[in-house]
Q: 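The structure is given below, and queries will be raised subsequently.
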Amino acid sequence: MLEIKNLHANINGKEILKGLDLVVRPGEIHAIMGPNGAGKSTLASVLTGNQAFEVTHGDITFYGKNLLELSPEDRSREGIFLSFQYPVEIPGVSMVNFLRAALNEHRKYKNLEPLSATDFLRVMREKKALVEMDNKLANRAVNEGFSGGEKKRNEIFQMAMLEPRLAILDETDSGLDIDALRIVANGVNKLKSPDNASIVITHYQRLLDYIIPDFVHVLYDGRIVKSGGKELALELEERGYDWIKKEVEETV
Amino acid sequence: MKNNEISTLNAAPTVRQEPLEQQYIDLYKEQRESIKKHSSAVMNTSRDESFARFEALGFPTSALENYKYTDLRETLSVDYGLNINRISVPINPYEVFKCDVPGIHSYLYFVVNDAFYPVNDPVHNKLPEGVIIGSVKDLAASHPELLRDYFGKLSTAKNDGLVAFNGAFAQDGFFMYVPKNVVMDRPVQLVNIMRSDVDTMANSHNLIIIEEGSKAQLLVCDHTVDEVRFLSNRVTEVFVGENATYEHYKLENVHTKTTNLSTLLIDQRKSSNVLANVITLHNGITRNTIEIDLDGEGCDTLLCGMVIADKKQEVDNFTSIIHNKPNCNSRELFKYVLDDMSKGGFTGKLLVAKDAQKTAAFQTNRNILLSKTAKMRTKPQLEIWADDVKCSHGATIGSLDESAKFYMQSRGISEKEARLLLMFAFTNDVIENIRIPALQDRMKLLVEKRLRGELSKCEGCVICQ
């Protein structure tokens, strides 16, 4: 579904991604790990079309479409979802209005009629249960005054509402206690299907105890320098990243 | 003669241009008796005094601290007509005006230009006992005892050229009297309609008396129906008695050739509660002066406002809250969304007198500029003489939050819709402070329409296109 070829990207003139390749097929879960500053979040931003980043070289296709030509909103409507590392607070915009606007734009893109108020509320109720989301939060403004854990749970709730084909979880585990982590991971697992895929960006192996990846990639200095199965994550947890850095430097 | 003309032009620095005020000073002197004849004794009491004050002060200019953000030179140079002899204006507002707020079920009154239009609404007969609503001019004649102690008491001594001008020229206005312990069962709505075939100026003076323990809500709407230039200069005095509750909503939706100058003066007595909410949806040039005096302990005041402006619209809200007595709370919240070449001004003057201990006063002014050419000038002005108070103020000018916009786009919401949701959210807390549910619902819709660009002019008007 997703094919990234030789991707180079800058922010403020500084090159962060330096020739990244990745292929994701339906049903797969890919974990991307790596030290700070390797370019993990940049990859998430580039995939979702954040204007702050400039793609200087390379291609990204999503189901055969050139992703780089699509606006952020069209990427979302095509089925790409990012669970933000730092979800944004939007005072004054209620969760209900926000999600209804989003959901109906997705439906319009697929030439479907907007959901009726009753149907929308029913869907919302079902998905809320999935991530054990507090009713009170759903009635508030988007992320406003939410705790770190509540914000992350809200991301998974939105993901459940929008049913993406490719979900990118950017450090979704950071700032979560173990209960919240379990709930978030459960939500992700319940949404898993043979038709959709996930890219899990994380620092620590911890989340991967709950969301079992099919592939683990190490991102270092703007490129994927090592790929393996889920056991690679355990090895990284044990040995850190220095041996990988050494390996890379030796190859160079 | 041609040569002469040229030489006159060349000698420009020595030629004294007649000041803008002169024609009005001459007019007053010539028409003094007519003005008085077509008004009433109570209104005439301080008329000459007001005129003398205007002669001394002139029209305010932006050189004055309180008018720093209002530039009236161009609009005052227009040759407006004044209807001193009260020639009736051919319009029946009850037929022409369709209220844009369905379900408000108000007691409805009109001021056409500067004259109170005769009441022609059967609902008027259902006013609670003792409540009097009508023309200031007529009621000042029939009930002088009711008006005498109040009329001009807040305005006459003001050191303000526009208020003085109004005192000299206003001949009529809207009057509302709610006696002790009466709770109004529905809102009162006053619609100012500007109707004329020639450029016209209107001066009206409203008086509102809410006695001890009473409750009333007033919605003032400004509308224009013709394509000429209008200038309105309105003064409203409000007296809110002990334990009384008064809500004042002002909704401005007029065409771009209109200048609205409005002064709202409110006097609050012990434990009274006042909400004033002034909303400019569409306008030309607007200057609102709002002064609230807290003259008793335990008062509560909430002053809100919102401005949505684009093209070359200008809105200046000058506000002043004076805490004279202890234990009063005041909150102030103003929000502006400015696009194109529009200009906004806000002054938040707060004075806490030496004896006004335990005052709590909070002021917020937040502004969004949508274009590089829009301008906002804001000035909190706090003078605190008491030492045991809680006061704060905050003013910000910024653009739309890009990260919030991207967050919404990443959920599939288009950029246009995301901007709209953000702007709507930005203004929402002012709309939340409307306590008439039907009006609040309607405002949400009107603001949304306005932000979408669908309400770029008032009904039936072709000027603003």
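Per chain, numbering begins at 1; letters A, B, ... match sequence-line order. Worth saying up front: this structure is predicted, and the values here are computed from it rather than measured.
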Q: With a 4.5 angstrom heavy-atom cut-off, is it the side chain or the backbone of Asp74(A) that approaches chain B, or both, or neither?
A: neither

Q: In terms of heavy-atom contacts, does OH of Tyr109(A) have more than 12 from other residues, nucleotides or ligands at under 6.0 Å?
A: yes

Q: Considering all heavy atoms of both residues, which atom of Leu421(B) and which atom of Ala101(A) are nearest to each other, and what is their separation?
A: CD1-CB, 4.3 Å

Q: Inspect the surroundings of NZ in Lys444(B) and state if more than 12 heavy atoms from other residues, nucleotides or ligands are less than 6.0 Å away.
A: yes

Q: Report the option among Ser76(A), Ser71(A), Gly92(A) that has the most heavy-atom pairs separated by less than 4.5 Å from atoms of chain B.
A: Ser76(A)

Q: Would you find a donor on one side and an acceptor on the other, under 3.5 Å apart, between the side chain of Glu73(A) and the backbone of Glu415(B)?
A: yes

Q: Considering residues, nucleotides and ligands other than Lys405(B), do more than 12 of their heavy atoms fall under 6.0 Å from its NZ?
A: yes

Q: Minimum heavy-atom separation for Val88(A) to Ala404(B), with atom names?
A: CG1-CA, 3.7 Å

Q: Around Lys190(A), counting heavy atoms of other residues, nucleotides and ligands shown, do more than 12 lie under 6.0 Å from its NZ?
A: yes

Q: Determine, step by step, whether Ser410(B) and Phe81(A) satisfy the side chain to side chain contact (heavy atoms under 4.5 Å, CB included) criterion, reporting the C-alpha distance in whole Å, the side-chain angles of both residues, the deciding distance to 0.1 Å, and the verdict.
A: CA-CA 7 Å; Ser410(B) 80; Phe81(A) 179 91; over 6 Å; no

Q: In Å and rounded to the nearest 0.5 Å, what is the CG to CD1 distance from Leu99(A) to Ile413(B)?
A: 8.0 Å

Q: Using only atom types and a distance under 3.5 Å, with no angle test, would you say the side chain of Arg411(B) pairs donor to acceptor with the backbone of Leu82(A)?
A: yes

Q: Answer with side chain, backbone, both or neither: which region of Asn428(B) has an atom nearer than 4.5 Å to a non-hydrogen atom of chain A?
A: side chain

Q: So which of His106(A), Glu89(A), Arg75(A) has the biggest tally of heavy-atom pairs under 4.5 Å with chain B?
A: His106(A)

Q: Out of curiosity, Lys108(A) NZ to Ser414(B) OG, how far, rounded to the nearest 0.5 Å?
A: 6.5 Å

Q: Do Phe98(A) and Tyr407(B) have side chains that approach each other closer than 4.5 Å (heavy atoms only, starting at C-beta)?
A: yes

Q: Would you mind reporting whether Phe406(B) and Gln51(A) have side-chain heavy atoms less than 4.5 Å apart?
A: no

Q: CZ of Arg366(B): more than 12 outside heavy atoms within 6.0 angstrom?
A: no

Q: Where on Pro87(A) is there a heavy atom nearer than 4.5 Å to chain B: the side chain, the backbone, both, or neither?
A: both

Q: Surrounding NZ of Lys375(B) (heavy atoms of other residues, nucleotides or ligands, distance under 6.0 Å), is the total greater than 12?
A: no

Q: On a heavy-atom basis, which atom in Val93(A) and which in Ala425(B) lie closest, and how many Å separate them?
A: CG2-CB, 3.4 Å

Q: For Arg165(A), is the CZ atom crowded, meaning more than 12 foreign heavy atoms sit under 6.0 Å from it?
A: yes

